[in-house]
Chemist: 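There's a structure below that I have some questions on.
Numbering of ligands and ligand atoms starts at 1, following listing order. Hydrogens, waters and symmetry mates play no part in the numbers below; they use all other heavy atoms, side chains included. The first residue of the sequence shown is numbered 1, and numbering continues consecutively from there.
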Amino acid sequence: MVVRRLSRRDASAVRPSLAIDMPASTNMTSMPKSHAAFARAQQVIPGGVNSPARAFGAVGGEPLFIERAEGAYLYDVDGRQLIDYIGSWGPMILGHAHPQVLEAIRAAAERGTSFGAPTEAESELAEQIVASVDSIEKVRLVNSGTEATMSAIRLARGFTGRDKIIKFAGNYHGHVDSLLVAAGSSAATLSQPDSPGVTAGTVADTIVLEYNDVAGFEAAMREQGDALAAVILEPVVGNMGCVVPTPEFLTAARGLTEKHGALLIFDEVMTGFRVALGGAQSLFGVRPDLTTLGKIVGGGLPVGAYGGRADVMNHILPAGPVFQAGTLSGNPLATAAGNATLKRLRESPPYERLEELGARLEAGLREAAATAGAPFSLVRVGSMMTLFFATEPVHGWRQASRADTAAFGRYFWELIERGVYMPCSQYEALFISAAHTFDDIDATIRAAGEALALVEVAD
Ligand SMILES: *Cc1c(COP(=O)(O)O)cnc(C)c1O
């Protein structure tokens, strides 16, 4: 069976399309209920999924349908137990169905599910965010990461009175029209829409640069800096796989935006409360003007947030003139899940243990890949990591785009066969949760060793 790779949620750079054969060991008879569920879904849902990253387009084959999850494990409809390294793409840092989070949701539901009027729980969540993330003085709650970045960009434009923004190839900021953009073939050519339906006009003010390329960044700022509203970036990238910034790159981002009167936006939708309680900005000691959050901040329910300097945030309606609203923003159930999650993270921080689990998995995967003779580049920050099937170190999309994605697809399916659920794309970071045990990690390393021995990697 051959499935064409879906053009997936990162649209910041054109990725090669890809056809992958499912490995012989995997066939539909081993997952009849998922197969039937997918067939049903495809009748009424485009592509059978409500977000393309779930469709397994990048690894071939069909998605597993999930029945329930607990702690570090997913249980699919065919009765398979899987060690989960997706964690709902980031939110489930405490593990699935955490008792304190469930209890908070239950208690909130008893009091009514939505009022369209302010609640004290919203201030509690805002206070927890402000107390955790140094650069955030005021914060607005929204319903997704996409909404957070869209609103932060609008606010930056409204605050500065300028139109242009800079983003970096391989960084994903949600499906905001003006950020669904691919770089032109050279720095001098205009950015191109990266999805049908996005107009050339919408992306005309978006400049796409290569991550970690300080010289290219400086040149663009010399040319466009005074017309620039904002620079938006992932301060640790998760969305081309895990990629770390050089200190020089972040220092340049802070210095150049300040010099030209543009705002620096850190998109910490993935890294916020993940790489540290204070986000990636606390690891690198760089203070952005605005920060976007999502994923963990909702504890598995739909919450996004954007916050930062009070003088900037006070430009949002009704404090200021920049429009932004939401019928379900600050929803009581979502806010309860977020509050319970952040409270738990602050009261018993899992970050040291996550670092130990991450280091153990990193060491095991490195050894397994080396033993199998597979060329690789492994990038990790705490509980986020990616094993790139790449022959060169990955610093940005230029190198990431050359990874052997077919080899990754085989690796993915061999791991499924061994009870391990990795992100279903080479261009996603895996996540470890506080519910994972050292036994889970060791079982994963054993499975990866077997899987890697079966994967043929193109040199
Ligand atoms: C997931 C993600 C988004 C989008 O968040 P959604 O809740 O999926 O809209 C934005 N930015 C980054 C860095 C992300 O990882």
Side-chain angles (χ1 to χ4, degrees), residues 8-13 49-55 85-93 133 140-154 156 165 167-181 194-195 206 208 211 230-245 250 253 264-276 279-281 283 288 290-307 324 326 328-329 331 334 337-338 341 381-386 396-397 400 423-425 427-431:
R8 101 42 309 143
R9 56 201 186 83
D10 183 324
S12 62
V49 291
N50 281 311
S51 189
R54 299 173 197 169
Y85 288 97
I86 296 189
S88 187
W89 302 96
M92 311 315 297
I93 191 167
V133 185
R140 174 62 67 84
L141 301 179
V142 293
N143 304 287
S144 69
T146 295
E147 246 190 273
T149 56
M150 177 186 77
S151 307
I153 294 284
R154 184 185 305 142
I165 50 177
K167 68 150 292 188
F168 294 91
N171 285 213
Y172 176 69
H173 305 295
H175 62 98
V176 178
D177 278 26
S178 63
L179 299 172
L180 287 180
V181 48
D194 207 18
S195 166
T206 309
V208 185
Y211 199 75
V231 171
I232 185 167
L233 60 88
E234 290 183 70
V236 168
V237 190
N239 286 289
M240 56 177 143
C242 191
V243 172
V244 290
L250 289 186
L264 178 60
I265 305 172
F266 274 8
D267 182 355
E268 299 229 39
V269 170
M270 187 180 283
T271 52
F273 306 100
R274 163 62 63 184
V275 297
Q281 56 194 267
L283 292 184
L290 294 175
T291 299
T292 54
L293 297 168
K295 299 194 169 116
I296 290 173
V297 83
L301 269 71
V303 180
Y306 65 108
Q324 186 266 311
L328 289 173
S329 292
N331 171 265
T341 299
V381 178
S383 58
M384 264 174 86
M385 83 178 83
T386 298
W397 180 241
C424 46
S425 166
Y427 301 117
E428 300 285 358
L430 71 80
F431 299 108

Chemist: Which pair of non-hydrogen atoms, one from Ile296 and one from Gly90, has the smallest distance, and what is that distance?
Modeler: CG1-O, 3.4 Å
Chemist: Output the list of atoms in ligand 1 that are nearer than 4.0 Å to some heavy atom of Asp267, sorted by atom number.
Modeler: 10 (C), 11 (N), 12 (C), 13 (C)
Chemist: Taking all heavy atoms of Pro245 and all of Pro235, pick out the closest pair and write down the distance.
Modeler: CG-O, 2.9 Å
Chemist: Would you call Lys295 a ligand 1 contact, heavy-atom distance under 4.0 Å?
Modeler: yes
Chemist: With heavy-atom distances below 4.0 Å as the criterion, list the atoms of ligand 1 near Glu234.
Modeler: 13 (C)
Chemist: How does Asn239 reach ligand 1, if at all, at less than 4.0 Å between non-hydrogen atoms: by side chain, backbone, both, or neither?
Modeler: side chain
Chemist: Is the shortest side-chain heavy-atom distance between Tyr172 and Val269 below 4.5 Å?
Modeler: no
Chemist: Considering the heavy atoms of Gly145, write down every atom of ligand 1 situated less than 4.0 Å from one of them.
Modeler: 4 (C), 5 (O), 6 (P), 7 (O), 9 (O)
Chemist: So which of Asn239, Thr292, Asp267 actually passes side-chain hydrogen bond (donor to acceptor under 3.5 Å, both in side chains) with His173?
Modeler: Asp267
Chemist: Could you tell me, atom by atom, which parts of ligand 1 come under 4.0 Å of a heavy atom of Ser144?
Modeler: 7 (O), 9 (O)
Chemist: Which ligand 1 atoms, with their elements, are less than 4.0 angstrom from a heavy-atom of His173?
Modeler: 10 (C), 11 (N)
Chemist: Taking all non-hydrogen atoms of both residues, which atom of Gly298 and which atom of Ala337 are closest, and how far apart?
Modeler: O-CB, 3.4 Å
Chemist: Taking 4.0 angstrom as the limit and counting only heavy atoms of Gly174, give me the atoms of ligand 1 inside it, by number and element.
Modeler: 3 (C), 4 (C), 10 (C)
Chemist: Taking side chain to side chain donor-acceptor pair (under 3.5 Å) as the test, write out the residues that go with Glu147, two or more places apart.
Modeler: Asn143
